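Okay, structure first, notes after.
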Amino acid sequence: MSSSCLSHHHHQAVRPRRGGRFPGPGRRPAASASFALPAPRRRRAVPAAMSAEASRGVEPAEAAPGAAGQQAMLGEMAEDAAVWCAVNGLVVGDRADPRSGTVPGVGLVHAPISLLPARFPASFWKQACELAPIFNELVDRVSLDGEFLQSALSRTKLVDEFTARLLEIHEKMMALSKKEDIRLGLHRSDYMLDSETNSLLQIELNTISSSFPGLGSLVSELHRTLLNQYGKVLGLDSKRIPQNWAATQFAEALGRAWAEYNNDSAFVLMVVQPEERNMYDQYWLVNHLKESYGVKSIRKTLAQVEAEGQVLADGTLVIDGRAVAVVYFRAGYAPTDYPSEAEWRARLLMEQSSAIKCPSISYHLVGTKKIQQELAKPNVLERFLDNEEDIAKLRRSFAGLWSLDNEEIVKSAIEKPDLFVLKPQREGGGNNIYGRDLRDTLIKLQKEQGESLAAYILMQRIFPKSSLTPLVRGGDCFEDLTISELGIYGAYLRNKDKVILNNQCGYLMRTKVSSSNEGGVAAGFAVLDSIYLTDEVSTTHHSLTYS
């Protein structure tokens with residue numbers, strides 16, 4: 001018996017049915033990692049009509065089922081999706097199992113997912129993809145201007161200890177005149193479609209630990225599989241889901257960087273958190289690296305790097321007796337990653353070495369919120385880029401960004417806090433401040449009138465359209481109002497004057513319940529999703545209609 005996909009306040013699991021098909025071929029790694037989403041608030045809302053809203057160029061639904069049939073279909077699809085995730089490695093660690101973040105293969109659940117892809121206008125998709133190589137080049141150019149980075153963050157470091165420690169390492173490298181001849185960036189630029197201005201606006205640019213290239217690639221494959229099976233009834237064409245090669249292209253960038261280092265016996269070091277329920281997203285890259293390029297990887301925490309690592313006289317980084325060609329950070333982006341001085345010593349040790357850092361300390365600093373705000377100022381992009389058309393494209397994607405020195409903007413934000421977001425210098429979900437909390441924080445900061453204002457930036461709040469969406473978490477299917485955020489991956493590899501790679505390479509779609517302000521999947525606020533390209537100018541999810 002199949003259970004239905006619920007939009008009510010009670011919760012019902014999708015139960016197995018007999019004779020179910022196991023969709024999705026393929027050899028996948030047996031592994032896991034997870035984030036438990038907070039239980040969303042289900043809404044008693046009438047779902048938007050999927051077949052009625054089907055994009056131009058998509059065949060109309062044939063014999064659309066009635067309400068009961070539609071619910072049964074969603075339950076059937078949810079079960080097929082859960083099976084596909086299990087047999088194809090779209091998995092995460094289960095928070096209910098204490099070993100799931102440390103022991104591979106223990107405590108697996110399917111990743112939280114949207115059951116159907118989000119419709120996304122093809123014109124905005126094209127715009128986002130075209131921006132990736134421009135942002136890649138911008139990060140590299142800004143990273144080379146150490147004085148700019150130090151100056152732009154000079155006030156922030158007075159009130160933000162984490163940024164101050166990063167700047168301290170950067171300053172030491174400047175004092176040594178240390179040059180990174182081979183520079184590797186694996187970035188992700190995040191966007192939302194603003195319904196107020198009908199424009200694609202950047203949320204942030206991630207230059208360290210850009211997560212989900214592995215699992216994000218799989219969600220596109222999952223949705224294509226589901227539409228191949230159910231698309232005729234739903235009036236949806238699987239060919240409208242763009243291919244997503246993020247995992248293989250990130251692995252290619254790491255493999256080519258390894259080749260540029262030119263030491264066949266060296267490893268790729270993946271720096272990870274002590275407990276990592278998203279380890280399987282990372283293992284996808286490890287597997288691609290090994291199978292396609294013959295490159296071996298080792299996983300170490302910052303504490304392990306400090307205990308086992310050394311830099312030889314020629315600059316070679318050695319960890320536990322093994323030479324390292326590339327350091328790929330999937331940790332080190334948050335203060336919690338540095339619980340003691342040992343972790344900071346490890347970060348400095350790696351930065352002092354000749355290993356290729358992804359990211360280097362300067363690339364890391366380019367991704368801070370303050371630098372994002374500085375780059376949005378008039379005439380600053382012109383300092384780093386020459387092409388006027390590229391500069392115009394970047395500016396078109398910038399949301400309003402202000403420092404708290406701007407008294408008029410601060411006054412406006414206190415009066416209308418719902419139109420702004422207050423952002424500290426932090427990566428990962430759960431750090432931004434909204435609404436009444438934003439107003440209270442600004443009033444408090446104004447009273448203090450100290451350097452603490454420099455720890456934050458104000459950003460225009462973006463208002464994407466919401467839609468009723470079927471979501472699947474822990475085998476349970478439910479419907480809720482959601483909004484989505486698109487991340488575009490970019491890979492950049494340079495050896496001195498030669499640009500070896502500068503690509504847009506796949507995407508990440510994250511969908512969250514619209515009542516939640518935060519959007520991180522790993523932080524437990526969102527689900528993984530994919531894109532359904534349309535000729536329209538707005539984005540919503542597909543859902544089924546009740547008749």
Side-chain angles (χ1 to χ4, degrees), residues 31-33 93 98-107 161-173 175-176 178 180 182 184 186 208-209 211 254 257-258 261 263-283 285-286 289-290 295-365 427-428 522:
S32 95
R99 296 195 300 157
S100 67
T102 54
V103 184
V106 172
E161 186 183 352
F162 180 62
T163 303
R165 295 300 297 267
L166 296 175
L167 281 168
E168 186 182 310
I169 294 173
H170 180 253
E171 199 167 24
K172 286 178 180 175
M173 297 306 102
L176 293 171
K178 187 171 187 304
E180 300 293 331
I182 307 173
L184 172 64
L186 295 177
I208 182 170
S209 188
S211 59
L254 288 163
W258 175 87
Y261 189 78
N263 180 346
D264 289 346
S265 63
F267 286 71
V268 169
L269 167 66
M270 188 178 290
V271 181
V272 297
Q273 293 172 333
E275 290 193 20
E276 180 55 271
R277 291 181 176 85
N278 193 27
M279 69 173 84
Y280 303 102
D281 176 61
Q282 301 164 3
Y283 278 125
L285 300 187
V286 168
L289 256 179
K290 187 176 180 181
V295 178
K296 295 179 181 178
S297 306
I298 51 176
R299 292 167 60 87
K300 297 288 181 182
T301 64
L302 284 166
Q304 287 172 326
V305 170
E306 198 272 339
E308 303 170 13
Q310 60 176 313
V311 175
L312 304 183
D314 65 355
T316 303
L317 175 65
V318 176
I319 304 292
D320 195 20
R322 293 177 280 192
V324 173
V326 181
V327 179
Y328 174 43
F329 286 95
R330 289 298 291 260
Y333 55 84
T336 50
D337 289 334
Y338 302 86
S340 73
E341 285 301 309
E343 287 78 12
W344 285 112
R345 286 195 295 271
R347 185 68 187 269
L348 177 61
L349 180 79
M350 290 182 284
E351 201 63 35
Q352 289 170 327
S353 77
S354 63
I356 302 164
K357 274 75 68 177
C358 182
S360 64
I361 194 72
S362 55
Y363 267 44
H364 185 170
L365 290 169
E427 297 300 321

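For clarity, every value in this text was computed on a predicted model and none was experimentally measured.
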How long is the gap from [atom1] on [X] to [atom2] on [Y], to the nearest 0.5 Å?
| X | Y | atom1 | atom2 | value |
| --- | --- | --- | --- | --- |
| R330 | N278 | CZ | CG | 6.0 Å |
| M270 | Y283 | CE | OH | 9.0 Å |
| L285 | S297 | CG | OG | 8.5 Å |
| L167 | L365 | CG | CG | 5.0 Å |
| M173 | I361 | CE | CD1 | 8.5 Å |
| I208 | L186 | CD1 | CG | 11.5 Å |

Check: Any Lys/Arg nitrogen of E341 or R165 sitting under 4.0 Å from an Asp/Glu carboxylate oxygen of the other?
Finding: yes

Check: Any sub-3.5 Å donor-acceptor pair from W258's side-chain atoms to A266's backbone N or O?
Finding: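 Judged by distance alone, yes, a pair lies under 3.5 Å.
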
Next item on the list: Taking K178 for its side chain and S353 for its backbone only, find out whether a donor-acceptor pair lies under 3.5 Å.
Entry: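 Yes; at least one donor-acceptor contact below 3.5 Å.
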
[X] vs [Y] side-chain heavy atoms within contact, under 4.5 Å:
| X | Y | value |
| --- | --- | --- |
| V268 | V286 | no |
| E306 | L349 | no |
| D320 | Q304 | no |

Note to self: Working note: I182 + V326, criterion side chain to side chain contact (heavy atoms under 4.5 Å, CB included); need CA distance, chi angles, decisive distance, verdict.
What the structure shows: CA-CA 10 Å; I182 307 173; V326 181; over 6 Å; no

Item checked: Partner of H364 by side-chain hydrogen bond (donor to acceptor under 3.5 Å, both in side chains), out of K357, E351, H170, R347 -> R347

What's the shortest heavy-atom distance between [X] and [Y], and which atoms?
| X | Y | answer |
| --- | --- | --- |
| S100 | M279 | O-CE, 3.5 Å |
| L184 | A257 | CD2-CB, 3.8 Å |
| A323 | N263 | CB-ND2, 4.1 Å |
| A355 | V327 | CB-CG2, 4.1 Å |
| G309 | I319 | CA-CD1, 3.7 Å |
| E180 | S360 | CG-CB, 4.4 Å |

Check: Under the side chain to side chain contact (heavy atoms under 4.5 Å, CB included) criterion, do L269 and K300 qualify, and how do the steps go?
Finding: CA-CA 7 Å; L269 167 66; K300 297 288 181 182; 3.7 Å; yes

Notebook entry, point to check: According to the interplanar angle, ranging from 0 to 90°, do the rings of F162 and Y338 count as parallel (below 30°), tilted (30 to 60°) or perpendicular (above 60°)?
Noted result: tilted

Note to self: Applying the side-chain contact (heavy atoms from CB on, under 4.5 Å) criterion to M350, which one of V311, L302, V324 satisfies it?
What the structure shows: L302

Margin query: Tell me if the CZ atom of R322 is crowded by more than 12 foreign heavy atoms within 6.0 Å.
Written below: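 Atom CZ in R322 is packed in, count exceeds 12.
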
Next item on the list: Please step through side chain to side chain contact (heavy atoms under 4.5 Å, CB included) for the pair S354 and Y261, ending with a clear verdict.
Entry: CA-CA 9 Å; S354 63; Y261 189 78; 3.2 Å; yes

Check: Step by step, would you call V272 with Y328 a side chain to side chain contact (heavy atoms under 4.5 Å, CB included)?
Finding: CA-CA 9 Å; V272 297; Y328 174 43; over 6 Å; no

